[in-house]
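Worth saying up front: this structure is predicted, and the values here are computed from it rather than measured. Heads up: numbering here begins at 1 and tracks the sequence.
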Amino acid sequence: MRSCLFKVLCMGPIPTHFSFIMDGNRRYAKKMDMGEGAGHRAGFFALVSVLKYCYEVGVKYISVYAFSIDNFKRRPEEVKTIMDLILEKTEGLLEEGSIADQYGVRVYFVGNLKLLSEQVRIAAEKVMEATAHNTRCVLLICIAYTSCDEIVNSVRECCKDKMEVVNEHSAIQLVDIEKHMYMGVAPDPDILLRSSGEKRLSNYQLWQTTHCTLYSPTALWPEISLLHVVWGILKFQRSYAYFEKKKKKML
């Protein structure tokens, strides 16, 4: 039935890049009277399902907001619980039969990785190296990430480049900034889904979402299902002609 549904969806345009803000894990744990960290673990299983649906329907790039730089300000116990889960699931991507192995996924960890513990950073680097040969689809995990940090880092890198070559063309151009963006390894998102009904971007992909459909279902992240992915793609298809027209005007 899912295959039939996806064939119908494919009669229209399919987003190249589907982005997600995974909001509501803590509220879900409270709602279900679960222990600390259980909401994030439930959220991981929802993420695996969402990734499978997106890859099956033909989405090439998926990005997820896994951990903001601002999240480091939470209680140390909560940060440690989340980081332990991230480490566990990151190492799991190296195993045979993982979603990266099944679907030929190339994985990027996107953000200021220097802020991560050495153990998590090394695991992330191993996954990126191990999946570098995969070409079927791409998963970008935004961790220790905010758009402000991304933009500042990009400008800093541009300045370093320009200091090495001083001539009449040394002024920083738009293309220079975009080249150094953390998200520069992927096209801009076509649709961004934020769960839990929130309509804020929360310092996520601010640079990249100029021509992007926004979708905010009320379901908490662990409750996100096939239905929400389908509705997100339908919303993208409804606004596709409008955004394509806007993009052409920018050229």
**Student:** With a cut-off of 3.5 Å and sequence neighbours excluded, list every side-chain donor-acceptor pair involving residues 115-122.
**Tutor:**
residue, atom, partner, partner atom, Å
Ser117, OG, Val120, N, 3.3
Arg121, NH1, Leu116, O, 3.2

**Student:** Quick check: closest heavy atoms across Met22 and Tyr65, and the distance to 0.1 Å?
**Tutor:**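 Minimum heavy-atom separation between Met22 and Tyr65: CE-O, 3.6 Å.
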**Student:** Search all heavy atoms of Leu192 against all heavy atoms of Cys212 and return the closest pair with its distance.
**Tutor:**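 Closest approach of Leu192 to Cys212, heavy atoms only: N-SG, 3.5 Å.
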**Student:** Quick check: closest heavy atoms across Glu95 and Asp101, and the distance to 0.1 Å?
**Tutor:**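 For Glu95 versus Asp101, the nearest heavy atoms are O-CB, 4.2 Å.
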**Student:** Shortest non-hydrogen contact from His180 to Ser154?
**Tutor:**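 Taking His180 first and Ser154 second, the nearest heavy atoms are CB-OG, 3.4 Å.
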**Student:** Whether the side chain of Asn203 engages the backbone of Ser147 through a donor-acceptor N/O pair (distance < 3.5 Å, no angle test) should be reported.
**Tutor:**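 Pair found, side chain donor or acceptor close to backbone of Ser147.
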**Student:** Between Trp221 and Ser195 (side chain of the first, backbone of the second, donor and acceptor by atom type, cut-off under 3.5 Å), is there such a pair?
**Tutor:**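 No: the side chain of Trp221 does not pair with the backbone of Ser195.
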**Student:** Nearest 0.5 Å please: distance from the CG atom of Asp70 over to the CZ atom of Phe72.
**Tutor:**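 Those atoms lie 10.5 Å apart.
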**Student:** Sort and list the pairs that fulfil ring-ring contact (aromatic ring centres under 6.0 Å, His included) and have at least one residue in residues 91-116, not counting sequence neighbours.
**Tutor:**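 Residue pairs passing ring-ring contact (aromatic ring centres under 6.0 Å, His included), neighbours aside: Tyr55-Tyr103.
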**Student:** Treating Thr131 as the side-chain partner and Asn134 as the backbone partner, does any N or O pair qualify as donor plus acceptor under 3.5 Å?
**Tutor:**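 No: the side chain of Thr131 does not pair with the backbone of Asn134.
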**Student:** Would you call the rings of Phe20 and Phe18 parallel, tilted or perpendicular if under 30° counts as parallel and over 60° as perpendicular?
**Tutor:**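 Aromatic pair Phe20/Phe18 classed parallel.
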**Student:** For residues Ile99 and Leu51, report the shortest heavy-atom separation together with the two atoms involved.
**Tutor:**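 In this case the closest contact between Ile99 and Leu51 is CD1-CB, 3.5 Å.
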**Student:** Tell me if a side-chain donor or acceptor on Asp176 pairs with a main-chain N or O of Gln173 at a distance below 3.5 Å.
**Tutor:**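 Answer holds: yes.
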**Student:** Rounded to the nearest 0.5 Å, how far apart are CD1 of Ile21 and CG of Leu201?
**Tutor:**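 Answer rounded to 0.5 Å: 5.5 Å.
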**Student:** Taking Glu56 for its side chain and Phe6 for its backbone only, find out whether a donor-acceptor pair lies under 3.5 Å.
**Tutor:**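 No: the side chain of Glu56 does not pair with the backbone of Phe6.
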**Student:** Scan for side chain to side chain donor-acceptor pair (under 3.5 Å) pairs involving residues 18-32, sequence neighbours excluded, and state none if there are none.
**Tutor:**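 The answer is Ser19-Ser63, Ser19-Tyr204, Ser19-Gln205, Asp23-Arg27, Asp23-Arg194, Asp23-Ser196, Arg26-Glu78, Arg27-Ser196, Lys31-Glu223.
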**Student:** Does Ala144 offer a backbone N or O that forms a donor-acceptor pair with the side chain of Asn112 under 3.5 Å?
**Tutor:**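 Not a single qualifying donor-acceptor pair exists.
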**Student:** Counting N and O atoms only, with roles assigned by atom type, does the side chain of His40 sit under 3.5 Å from a partner on the main chain of Ile82, one being a donor and the other an acceptor?
**Tutor:**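 No, the answer is negative, given that no donor and acceptor are paired below the 3.5 Å cut-off.
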**Student:** Has the side chain of Thr90 got a donor or acceptor atom that lies under 3.5 Å from a matching backbone atom of Ile86?
**Tutor:**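 A pair under 3.5 Å: yes.
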**Student:** Using modelled atom types only, decide if a donor and an acceptor are shared between the side chain of Gln237 and the backbone of Pro13 within a distance under 3.5 Å.
**Tutor:**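 Indeed, once roles are kept as given, a pair shorter than 3.5 Å links the two residues.
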**Student:** Does Lys160 pair with Glu157 as a salt bridge, N-O distance under 4.0 Å?
**Tutor:**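 Salt bridge flag = yes for Glu157 with Lys160.
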